[in-house]
Amino acid sequence: MSTFLPDFPLSEPVRKTLASRGFVSSKPVQTAVIPILLEGHDVVVEAMTGSGKTLCYSIPLIERLINTEPQNGMIRAIILLPTRMLVEQVVKEFKLFQKHAKHLFSVFQATGGDENAQGICNELKRILIPSEPQMIVIGTIGCMLKIVHSSISMSSVDYLVLDEADNLMKTQSFDDTKEILSHIPAKKRTTALFSATMGTNVTDLIDAGLKKYFKIRVSNKGAILQNELVDTDLIKKKSSSDFSGQKYELPTVEVPKSSLFPSVFSTILKSSPELDSDPFSGVNFLAIHGGTAPKKQSKILSAFNSSKPTDPIHKLTVLFTTDLCARGVDFTDCGWIIQFDAPQSPDTFVHRIGRSGRMEKEGKSIVLLSKEEDSYVYFMQLKALTLREWHGFDPTTSPIPRLSPLDLLAVEAAARTKQNQSNVHSELFELLGAQVDCPYLSVDGEVLVDLVVPFAAKSSISALELFSAPDLVTALIRRAQLKDRKLFDLAQRAFVSFVRGVKVLDWVGVMTMFALLKFPRMPELKHIKEGRFRPLPLDFKTKWIQYEEADREKERRRDLKKNKFDRPIQKPKAGEKPSIQKGKRVKKQGHVFDLQDEAEIEEDYKKLKKGSRGGRNKKKKRNFDDSDDSDDLMSDLDSDLSSDDSSHDDRKKRKVDKKKGKKKMEMEEENEEPQFEDSDKMILDDSSDSDQPPPEEESVADEIIDSEEERLRKQEEDSIPWKDREALKKYWKQESLYDRRKREKKQERKKKIDRTKKETHQKRKNWQAKRSQMFDPVTHKRRNRH
Ligand SMILES: Nc1ncnc2c1ncn2[C@@H]1O[C@H](COP(=O)(O)OP(=O)(O)OP(=O)(O)O)[C@@H](O)[C@H]1O
């Protein structure tokens with residue numbers, strides 16, 4: 001007899017599995033639910049997170065498979081879950097039972113995107129043969145939908161579980177869930193719905209085929225989860241989210257909203273050398289988000305779950321993650337959940353915090369709220385969740401040594417003895433990192449400011465001043481961005497994804513929170529004043545920030561060069577004239593630029609336009625139209641990046657020489673004076689060592705005509721409505737006035753020559769006729785006049 005459920009005899013494989021996992025007694029929800037499911041009734045179960053719901057449906061299923069006639073090569077049960085990660089977790093649980101019940105059943109994982117769905121269906125068909133044992137299929141909605149739509153038979157399915165059922169009933173996926181249910185015979189099946197937040201409205205699912213069901217609700221009484229809040233400024237959120245005072249306690253998981261956030265934080269924390277020293281020397285930073293490859297996700301999860309405070313290297317493991325891990329994921333020993341953002345739905349809040357304090361362990365949750373979010377506390381109260389203000393840890397019990405006044409004096413003195421005051425900031429970092437056991441991130445961000453402000457006041461420049469940062473964390477992140485463009489990109493993308501996902505009240509606060517280097521250019525920010533936002537004061541262009549990775553940097557430079565000329569033509573504002581550049585075609589539309597890069601490319605673009613149109617300078621215009629000029633601008637950029645001005649000048653000179661040489665050759669070859677000369681001639685004329693004759697009168701006249709033509713051409717261009725791109729295209733196909741004049745002139749010249757030739761020919765003819773009258777053609781003697 002098992003001690004797990006004394007009143008219900010369990011089969012040997014189940015007993016063995018439970019014993020091997022050390023489960024000696026059932027938990028309240030298990031005691032309530034397993035017997036009902038063993039009897040084959042439908043259930044709707046709501047029980048707190050981490051209370052052991054998975055076992056509630058897995059034990060009855062295994063018992064059913066053991067105690068009923070096996071149906072080899074058929075699907076016997078379907079378990080639906082919202083994410084691939086959860087599917088993997090549940091598959092693992094069933095495989096533990098399989099160890100003790102070999103050949104009794106097999107487990108099939110149905111996950112994968114649309115592109116893999118067909119392959120999964122084929123694989124399932126291949127193994128659903130009589131020689132194979134009966135099967136449990138565990139999968140996500142998308143994949144399961146493909147399976148039920150394929151020719152695979154569902155007639156033998158008699159057990160259906162919807163774990164995290166409220167999530168599966170969400171509007172976006174509810175139709176799909178119902179569709180799956182409609183393919184599974186309702187009469188003989190047992191249906192079980194589980195969640196920590198079931199709500200009251202399951203009537204829709206009852207419509208979809210739930211029979212008479214038992215509703216079981218296991219109350220949260222006695223739960224050890226504490227919910228607290230930290231009232232903080234948005235700007236200081238980063239600092240406040242460090243709870244290094246508890247570093248030797250249990251692992252921590254942070255659940256922010258934006259999916260990019262984890263990678264930004266963990267990358268920056270990992271890549272800041274200052275953080276290698278205390279208090280982060282023993283901290284292992286991990287991150288899981290939507291962009292993490294599935295295999296890597298599982299690896300990181302198991303690394304996180306297997307981390308222990310007794311680990312000699314990593315005493316603390318911090319996992320940065322998103323709502324991807326908010327539901328169902330079993331973090332076995334997670335002590336703290338720090339929510340960077342307050343979730344709008346109380347259900348999400350419950351699931352997030354439920355990653356800690358599982359299975360009767362103690363767990364703590366902290367949510368960081370800014371001043372604008374005060375009302376959140378009352379909102380949560382209405383939902384029966386109490387948030388208390390958190391006052392931090394007692395510094396005297398903190399394992400991290402604090403900076404003593406003596407240490408402070410030592411640092412200050414060292415900094416002040418430096419001859420070159422502008423170097424003080426780097427010394428400051430060094431000193432703080434190397435000589436003083438100072439917590440860079442303190443329990444309250446104020447400590448940091450207190451620590452560094454004295455230096456700011458006494459030395460000419462401080463770290464905070466240098467990076468225009470309100471706290472040292474922002475300074476570090478800003479500095480890290482300058483060192484590697486990868487972080488700069490991440491910070492911007494994280495900002496954009498954050499502000500697009502939430503209603504932002506304090507824009508400047510959010511910008512500072514993400515340690516942006518410059519005020520971003522976004523349509524949403526059109527009416528926002530920079531206000532207290534402090535951009536990086538250094539006089540620099542963000543395009544100068546390079547990737548540490550050489551290949552990536554090479555690629556960026558290539559792209560930058562290409563983008564300058566691929567930029568789509570922007571629709572001008574009302575009343576603004578369209579800018580059309582002759583010889584430049586409209587290329588790729590909708591190219592995506594970085595926020596900061598866009599501003600700079602815009603600037604370069606204006607420069608280009610100026611070069612091509614400004615002042616109606618023929619030489620400049622033609623130079624731009626020549627592809628060589630692109631090299632000019634790129635070399636401008638390159639020289640900016642490499643600060644190698646002399647090489648740039650050399651290149652320019654070489655180019656002019658090359659053109660001169662080319663022109664000379666052409667002139668010699670053709671030995672003909674060019675008509676309507678272009679910039680090549682102007683460049684040659686400009687050069688001091690030119691050996692060309694001065695322009696003839698005709699070419700001066702041509703220039704006057706040209707400028708008139710240019711004006712006419714411009715007038716004609718401007719008259720084309722911008723909207724009508726077809727008209728624009730046609731326009732380019734049309735002959736321009738300039739070309740027409742050129743052609744007409746050529747024709748006139750030809751006519752003149754023809755006329756002259758004709759006249760000469762006539763004259764010759766007349767002369768010959770006259771001559772034949774005067775001389776005898778045979779004797780060549782003058783005829784006798786009489
Ligand atoms: N009877 C038991 N004795 C000891 N540990 C148990 C028992 N039942 C389950 N557990 C363990 O408790 C943990 C939480 O279980 P489970 O993941 O099923 O919780 P849950 O209620 O589904 O949580 P969530 O709502 O977050 O999905 C697991 O690590 C599981 O192995």
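On a predicted model such as this, the values are computed, not experimentally measured, just so you know. We count ligands from 1, going down the list as the structure has it; atoms in each ligand are counted the same way.
Using a non-hydrogen distance threshold of 4.0 Å, R21 registers as a contact of ligand 1. For the ligand labelled ligand 1, residue S25 lies inside the 4.0 Å heavy-atom shell. Residue contacts with ligand 1 include S51, since one of its heavy atoms falls under 4.0 Å from the ligand.
Of the inter-residue distances, the one linking I138 atom CD1 with Q109 atom CD reads 8.0 Å to the nearest 0.5 angstrom. For the atom pair T83 OG1 and Q297 CD, the distance stands at 8.5 Å (nearest 0.5 Å). Of the inter-residue distances, the one linking K27 atom NZ with I34 atom CD1 reads 12.0 Å to the nearest 0.5 angstrom.
In terms of protein heavy atoms, atom 21 (O) of ligand 1 is closest to K53 NZ, 2.8 Å. Looking from atom 15 (O) of ligand 1 to the surrounding protein, the closest heavy atom is G52 CA, 3.6 Å. If you check which protein heavy atom lies closest to atom 23 (O) of ligand 1, you get G50 N, 2.8 Å. Of all protein heavy atoms, the one lying nearest to atom 5 (N) of ligand 1 is F23 CE2, 3.2 Å. Atom 17 (O) of ligand 1 has its closest protein heavy atom at R358 NH2, 3.1 Å. Atom 8 (N) of ligand 1 has as its closest protein heavy atom Q30 NE2, 2.8 Å.
Side-chain contact of T17 with R15: a donor-acceptor pair under 3.5 Å is absent, judged by distance alone. Side-chain contact annotation: T140 with T111, donor-acceptor N/O pair under 3.5 Å absent.
Atoms of ligand 1 lying under 4.0 Å from any heavy atom of L55, numbered from 1 in the order shown and given with element: 8 (N). Heavy-atom proximity to E164, at under 4.0 Å, picks out these atoms of ligand 1: 27 (O). Residue R355 has at least one heavy-atom neighbour below 4.0 Å for each of these atoms of ligand 1: 26 (O). When each atom of ligand 1 is checked for a heavy atom of T54 under 4.0 Å away, the hits are 16 (P), 17 (O), 18 (O), 22 (O).
The residue H351 has no part lying near ligand 1, judged by heavy-atom distances below 4.0 Å. Contacts of D330 with ligand 1, taken as heavy-atom pairs under 4.0 Å, involve the side chain alone. Contacts between R327 and ligand 1, counted as non-hydrogen atom pairs separated by less than 4.0 Å, are absent for every part of the residue.
Heavy atoms of other residues, nucleotides or ligands lying less than 6.0 angstrom from NZ of K125 number more than 12.
Annotation: side chain of T332 is in contact with side chain of D330 (closest heavy-atom distance under 4.5 Å). Considering only heavy atoms from C-beta on, F105 comes within 4.5 Å of I62 through its side chain.
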Show your working on side chain to side chain contact (heavy atoms under 4.5 Å, CB included) between Q89 and M85 and close with a plain yes or no.
CA-CA 6 Å; Q89 191 176 295; M85 235 155 65; over 6 Å; no
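Aromatic ring orientation, H149 versus H183: perpendicular (interplanar angle above 60°, classes split at 30° and 60°).
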